[in-house]
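Below is one structure; the comments refer to it alone.
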Amino acid sequence: MTATITITLDEAYNLAEKTFIKLGLSEEHAQANARLLQSCQRDECDSHGLYRVLSCAQTIKTGAVVLDAEPVVEDRAGGIVAVDAKGGYSLLALEKGLPMLVEKTRKLGIAAMAINHCVHFSALWPEVEMLAEHGLVSLTMVPSHSWVAPAGGKTGVFGTNPIAFGWPRAGKYPFVFDFATSAAARGEIELHRRAGKPIPLGWAVDKDGEPTTDAETALQGAMLTFGGYKGSALSAMVELLAGPLIGDMLSLESQEWDNGRGATPKHGGNRDCLESGEFPRRSNGGTYGAGGENVLGDYRSGGTSAIAAPL
């Protein structure tokens with residue numbers, strides 16, 4: 001029988017940090033990773049919380065990640081920030097590049113940060129929350145390994161290819177979403193496998209392209225995009241904007257790089273930011289903030305229960 005142990009968020013952070021350091025990560029990388037996992041555990045997302053320490057341990061064991069990589073931040077012409085993660089985890093690279101991204105966005109009204117040559121394992125919504133804390137609207141996306149078949153296919157071509165968006169709100173929680181363009185995150189299928197539970201139809205197909213509800217069979221086959229061809233098109237967009245556009249790998253190339261080691265993906269990531277004050281005012285003279293509150297109020301008044309935090 002498996003025992004359930006309840007720990008505080010501070011204890012969750014300490015556990016993650018100590019484990020990462022014991023696995024050989026530098027202190028800066030261990031702390032950046034632990035902060036992210038603490039945020040995900042705070043939001044009760046088990047598939048992206050402390051559970052991810054296991055996949056990090058596997059990745060470190062394979063030698064796929066540079067444990068003490070020092071990210072290099074470059075000020076590119078105009079509104080571009082480029083961060084070379086040097087083969088390390090993405091989160092420290094993000095933290096190192098964030099101040100320049102915020103500064104450029106405030107100065108120019110719009111800016112983007114490309115993170116290259118990074119190993120990635122984490123959720124994206126804490127990233128857009130960081131930017132919302134600076135009052136910036138943001139959109140971020142990354143590819144992964146080629147686990148996901150395009151609409152009508154049966155072989156993995158795309159990654160889970162998540163997209164995250166953040167909208168700051170004065171004195172309130174920001175409006176944030178983060179979802180894979182696959183029907184479910186791969187971590188959700190892994191959790192179903194560990195628990196011995198079936199997955200819903202529509203999440204994946206087996207090696208022959210037949211629908212399956214068996215999690216282990218799904219992991220050996222291919223995942224599916226949400227919304228058929230619509231999710232497939234969005235997934236292709238992520239591949240292009242977070243791959244060729246920034247000079248980094250596609251999900252297929254990340255899978256080839258892995259070469260069966262079972263490491264988390266290596267690729268780039270695209271973070272785009274907007275400073276609303278530099279954009280035209282609404283035709284009725286209102287601010288973007290007021291217009292945003294109208295939209296979010298309509299969202300709530302429509303009777304939805306699909307919002308985790310209070311609006």
When you measure from the side chain of Asn270 to the backbone of Ile246, do you find a donor-acceptor pair of N or O atoms at a distance under 3.5 Å?
no
How long is the gap from NZ on Lys154 to CD on Glu210, to the nearest 0.5 Å?
8.5 Å
Test side chain to side chain contact (heavy atoms under 4.5 Å, CB included) applied to Thr105 and Leu131, step by step
CA-CA 11 Å; Thr105 307; Leu131 291 162; over 6 Å; no
Side-chain heavy atoms nearer than 4.5 Å, only ILVMFWY residues, links allowed to pass through others: does that put Phe121 and Ile60 together?
yes
Does a salt bridge link Glu70 with Lys86, judged by any charged N lying under 4.0 Å from a carboxylate O?
no
Nearest 0.5 angstrom please: Ser47 OG to Glu188 CD, how far?
4.0 Å
Would Val83 end up clustered with Met249 when hydrophobic side chains under 4.5 Å apart are linked, directly or stepwise?
no
Pro162 and Asp178 have their tightest heavy-atom pair at CB-OD1, 3.9 Å
Using a 3.5 Å distance criterion without hydrogens, assess whether the side chain of Thr59 forms a donor-acceptor pair with backbone atoms of Ser55.
yes
Just wondering, more than 12 heavy atoms not from Arg42 lying within 6.0 Å of its CZ?
yes
Taking the side chain as everything from C-beta on, heavy atoms only, tell me whether Val142 gets closer than 4.5 Å to Val238.
no
With distance as the sole test, does Asp43 use its side chain to make a donor-acceptor pair with the main-chain N or O of Cys45 at under 3.5 Å?
no
Determine yes or no for a side-chain-to-main-chain donor-acceptor pair under 3.5 angstrom, with Glu239 supplying the side chain and Leu250 the backbone.
no
What verdict does the side chain to side chain contact (heavy atoms under 4.5 Å, CB included) test give for Met237 and Ile163, after you've listed the backbone C-alpha separation in whole Å, the side-chain angles of each residue and the deciding distance to 0.1 Å?
CA-CA 10 Å; Met237 179 195 73; Ile163 301 170; 4.0 Å; yes
Would you indicate whether the side-chain heavy atoms of Arg52 and Thr264 approach each other to under 4.5 Å?
no
Any chance you could measure Leu91, atom CG, to Ser122, atom OG, to the nearest 0.5 Å?
4.0 Å
pair Tyr13-Gln31: side-chain heavy atoms closer than 4.5 Å
yes
Is any side-chain heavy atom of Lys172 less than 4.5 Å from a side-chain heavy atom of Glu293?
yes
Okay, side chain of Gln58, backbone of Arg261: is any donor-acceptor separation there less than 3.5 Å?
yes
Exercise: identify the closest heavy-atom pair between Ala93 and Ala85:
CB-CB, 3.9 Å
Over all heavy atoms of both residues, which pair between Cys273 and Leu101 is shortest? Give the atoms and the distance, please.
SG-CD2, 3.6 Å
Among the clusters formed by ILVMFWY side chains lying less than 4.5 Å apart, do Trp167 and Val128 turn up in the same one?
no
Donor-acceptor pair, distance only, cut-off 3.5 Å: does the side chain of His192 make one with the backbone of Ile199?
no
Pairwise side-chain contact, Trp125 with Pro174, heavy-atom cut-off 4.5 Å (strictly under)
no
State the CZ-CD distance between Arg35 and Gln38, to the nearest 0.5 angstrom.
9.5 Å
Heavy atoms of Ala34 and Ala16 approach each other most closely as CB-CB, 3.9 Å
Closest contact, heavy atoms only, Gly156 versus Ala222:
N-CB, 4.0 Å
Cluster question for you: counting only ILVMFWY and a side-chain heavy-atom cut-off of under 4.5 Å, with indirect links fine, are Val148 and Val205 together?
no
Phe20 side chain reached by Leu37 side chain, heavy atoms, under 4.5 Å:
yes
Side chain to side chain contact (heavy atoms under 4.5 Å, CB included) between Arg186 and Leu219: does it pass, once the steps are laid out?
CA-CA 8 Å; Arg186 193 166 182 85; Leu219 293 171; 3.6 Å; yes
Parallel, tilted or perpendicular: rings of Phe177 and Phe179 (30°, 60°)
parallel
Between His48 and Leu36 (side chain of the first, backbone of the second, donor and acceptor by atom type, cut-off under 3.5 Å), is there such a pair?
no
Verify, without hydrogens or angle tests, whether His29 (side chain) and Ala69 (backbone) share a donor-acceptor contact under 3.5 angstrom.
yes
Report whether Val53 and Tyr89 are members of the same hydrophobic cluster (ILVMFWY, side-chain heavy atoms less than 4.5 Å apart, transitive linking).
yes
Stepwise, does the side chain to side chain contact (heavy atoms under 4.5 Å, CB included) test hold for Asp206 with Gln220?
CA-CA 7 Å; Asp206 63 20; Gln220 299 303 315; over 6 Å; no
Quick check: are there more than 12 heavy atoms from other residues, nucleotides or ligands sitting under 6.0 Å from CD of Glu216?
yes
In short, Ala263 meets Thr62 closest at the heavy-atom pair CB-OG1, 3.9 Å
Taking the side chain as every heavy atom from C-beta outward, state whether Leu252 and Val157 have any pair of such atoms under 4.5 Å apart.
yes
Is there a donor-acceptor pair under 3.5 Å between the side chain of Thr213 and the backbone N or O of Leu201?
no
Judged by atom type as modelled, is there a donor-acceptor pair below 3.5 Å linking the side chain of Arg169 to the main-chain atoms of Phe175?
no
Give, for atom CE of Met113 and atom CD of Glu127, the distance between the pair rounded to the nearest 0.5 Å.
7.5 Å
Glu74 vs Asp84 side-chain heavy atoms within contact, under 4.5 Å
no
Considering the options Thr181, Leu224, Thr225, which one meets the side-chain contact (heavy atoms from CB on, under 4.5 Å) requirement together with Ser232?
Thr225
Could you grab the distance from atom CD of Gln41 to atom CG of Leu50, nearest 0.5 Å is fine?
4.5 Å
